[in-house]
2 protein chains.
Amino acid sequence: MFLSKSFGYALRGILYVALKDTEGRKVKLGEIAEKLSVPRHFLAKIMKLMVQEGILSSIKGPYGGFLLNENTLTAKLIHLVKITDGVEQFNTCVLSLRKCNSKNPCPLHYQMLKLRDGMLAEFSKTTIGDLLNQETPDFIKSISVI
Amino acid sequence: MFLSKSFGYALRGILYVALKDTEGRKVKLGEIAEKLSVPRHFLAKIMKLMVQEGILSSIKGPYGGFLLNENTLTAKLIHLVKITDGVEQFNTCVLSLRKCNSKNPCPLHYQMLKLRDGMLAEFSKTTIGDLLNQETPDFIKSISVI
DNA sequence: TCCAAAAAGGATATTGACATCTTTTTTGGA
DNA sequence: TCCAAAAAAGATGTCAATATCCTTTTTGGA
Ligand code: FES
Ligand code: FES
């Protein structure tokens, strides 16, 4: 449903680190990939992107791993979309006709506009921290496949 | 934005036929493909699917082509989605984790649920005829690439 | 100083959506 | 009866997202 697998991996990966990074514990790629059932090397690239974007930190070498930084919890979902899928989709015509435009609307334009704007608004305001604070009975389960 | 190109081709194709099929005129594949700038042979398969699904008719041979039938104008958008993309996406988790389920929600479940249900409702009620009746200044332009 | 562990980087493989090309079937009219 | 036009069917090609594998860089500790 319009979000790529890469986005899902990014979100689940960063959430997993946020859950496990308590008292300076670093979280290793292998652990994340295994616990979330995500292809390890593919996840590596996505984690690296988040590090490069500054919303996550990493340390190389033995005793290294991924850890939160001051931007992680306030990072917005739209930022993850930017990293993985590109944010253009929010102003591209759903029929792939052209740049979406109310001056020259496609037959689905008005039906989709409100839905898409709702989604954009949601993704622009929701942060990683917000997701962690939702009262989910078993959060770790919620980001796993089962 | 979550709708496949195939869906767009199907929708634009059926709308084009609806626009041009006046007084029993049949619309040829080549004309549709050319006017809508859609790959001809790919469109052929999608048009055929719509015919097989009974929401469009076709006649082979010289003077053949595509034409409306009694189901065309009342066909719902969700039907086109079924034909081209499959309707599973409306009850699949946006993070591709599992069958979407409020008993075992993913971190984005509640945010997405309302948006997705809105979309499903919209697609379940809107018909091809509805789209044709929207007052768009130049409808033919609205289904073209430009 | 060296080693092993871990992230980073880069090369290759797979897959499914999308696109193109060819052959077959159907059919109205000369 | 035959031909040409059109849809239907099927075979093959392309490309980007996804996945896997291998190599390089970094670094804490023995
Ligand atoms: S023009 Fe197609 S969604 Fe706006
Ligand atoms: S469980 Fe993920 S969207 Fe419902």
Side-chain angles (χ1 to χ4, degrees), chain A residues 1-10 12-14 17 20-21 24-34 36-54 56-67 69 81 83-86 88-89 92 95-96 145, chain B residues 1-10 12-14 17 20-21 24-34 36-54 56-67 69 81 83-86 88-89 92 95-96 145:
Chain A
M1 180 79 169
F2 109 88
L3 292 172
S4 71
K5 285 197 176 185
S6 293
F7 171 85
Y9 294 163
R12 293 163 63 206
I14 202 172
V17 175
K20 296 297 178 179
D21 171 11
R25 173 178 172 231
K26 295 158 211 113
V27 189
K28 294 198 283 285
L29 177 70
E31 176 184 343
I32 309 173
E34 186 180 356
L36 301 183
S37 303
V38 161
R40 176 192 172 108
H41 300 284
F42 192 70
L43 177 63
K45 287 181 214 205
I46 297 173
M47 298 299 285
K48 180 196 62 177
L49 287 176
M50 292 194 287
V51 170
Q52 289 173 340
E53 283 287 314
L56 193 65
S57 289
S58 69
I59 295 178
K60 280 183 172 188
Y63 304 88
F66 294 92
L67 64 160
N69 66 21
V81 175
I83 292 174
T84 56
D85 300 11
E88 310 79 43
Q89 60 184 316
T92 301
L95 299 183
S96 315
V145 185
Chain B
M1 180 81 170
F2 109 88
L3 292 172
S4 70
K5 285 196 176 186
S6 293
F7 171 84
Y9 294 163
R12 294 162 64 206
I14 202 171
V17 174
K20 295 298 178 177
D21 170 11
R25 174 181 172 231
K26 295 159 211 111
V27 189
K28 294 198 284 285
L29 177 69
E31 176 184 342
I32 309 174
E34 184 180 357
L36 301 184
S37 303
V38 161
R40 177 192 172 109
H41 300 285
F42 193 71
L43 178 63
K45 288 184 214 216
I46 297 173
M47 298 300 284
K48 180 196 61 178
L49 287 175
M50 292 194 288
V51 171
Q52 289 173 340
E53 283 287 314
L56 193 65
S57 290
S58 69
I59 295 179
K60 281 184 171 186
Y63 303 88
F66 295 91
L67 65 160
N69 67 23
V81 175
I83 292 174
T84 56
D85 301 11
E88 310 80 44
Q89 60 184 316
T92 300
L95 299 183
S96 315
V145 185

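Each chain gets a letter, A, B and so on, in the order the sequences are listed, and its residues count up from 1.
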Task: Nearest-nucleotide comparison on DNA chain C, the residue closer to the 5′ end among Asp85(B) and Tyr63(B) - done: Asp85(B)
Task: Nucleic acid footprint by protein, nucleotides 9-14 of chain D - heavy-atom cut-off 4.0 Å, B for base, S for sugar-phosphate alone - done: SBB---
Task: His41(B) and Lys45(B), any side-chain heavy atoms less than 4.5 Å apart - done: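 They are not in side-chain contact.
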Task: Minimum side-chain heavy-atom gap Ile32(B)-Val38(B) below 4.5 Å - done: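 They are not in contact (no side-chain heavy atoms under 4.5 Å apart), so the answer is no.
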- [ ] Take atom CG of Leu29(B) and atom P of dA19(C), then tell me their distance rounded to the nearest Å.
- [x]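 Rounding to the nearest Å, CG of Leu29(B) and P of dA19(C) are 14 Å apart.
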Task: Interatomic distance, Lys26(A) NZ vs dT26(D) C1' [rounded to whole Å] - done: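 My rounded result for the distance is 14 Å.
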- [ ] Would you mind telling me which of dA7(C), dT18(D), dA7(D) lies closest to the side-chain atoms of Lys60(B)?
- [x]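 That would be dA7(D).
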Task: Proximal nucleotide (of dA7(D), dA4(C), dC18(C)) relative to the Pro62(A) side chain - done: dA4(C)
Please check the phosphate of [N] (OP1 and OP2 only) for any side-chain N or O of [X] closer than 4.0 Å.
| X | N | answer |
| --- | --- | --- |
| Ser6(A) | dT18(D) | yes |
| Lys28(B) | dA6(D) | yes |
| Lys5(B) | dA19(C) | yes |
| Ser58(B) | dA6(D) | no |
| Tyr9(B) | dA19(C) | yes |

- [ ] Applying ring pair (Phe, Tyr, Trp, His ring centres under 6.0 Å), name anything that partners Phe42(A), two or more places apart in sequence or on another chain.
- [x] Tyr9(A)
- [ ] Please check if the side chain of Asp21(A) supplies one atom and the backbone of Val27(A) the other of a donor-acceptor pair under 3.5 Å.
- [x] no
Open item on the list: What does the 5'-to-3' dot-bracket notation of DNA chain C look like when only Watson-Crick and G-U wobble pairs under 3.5 Å count, and pairs to other strands show as |?
Closed with: ||||||||||||||||||||||||||||||
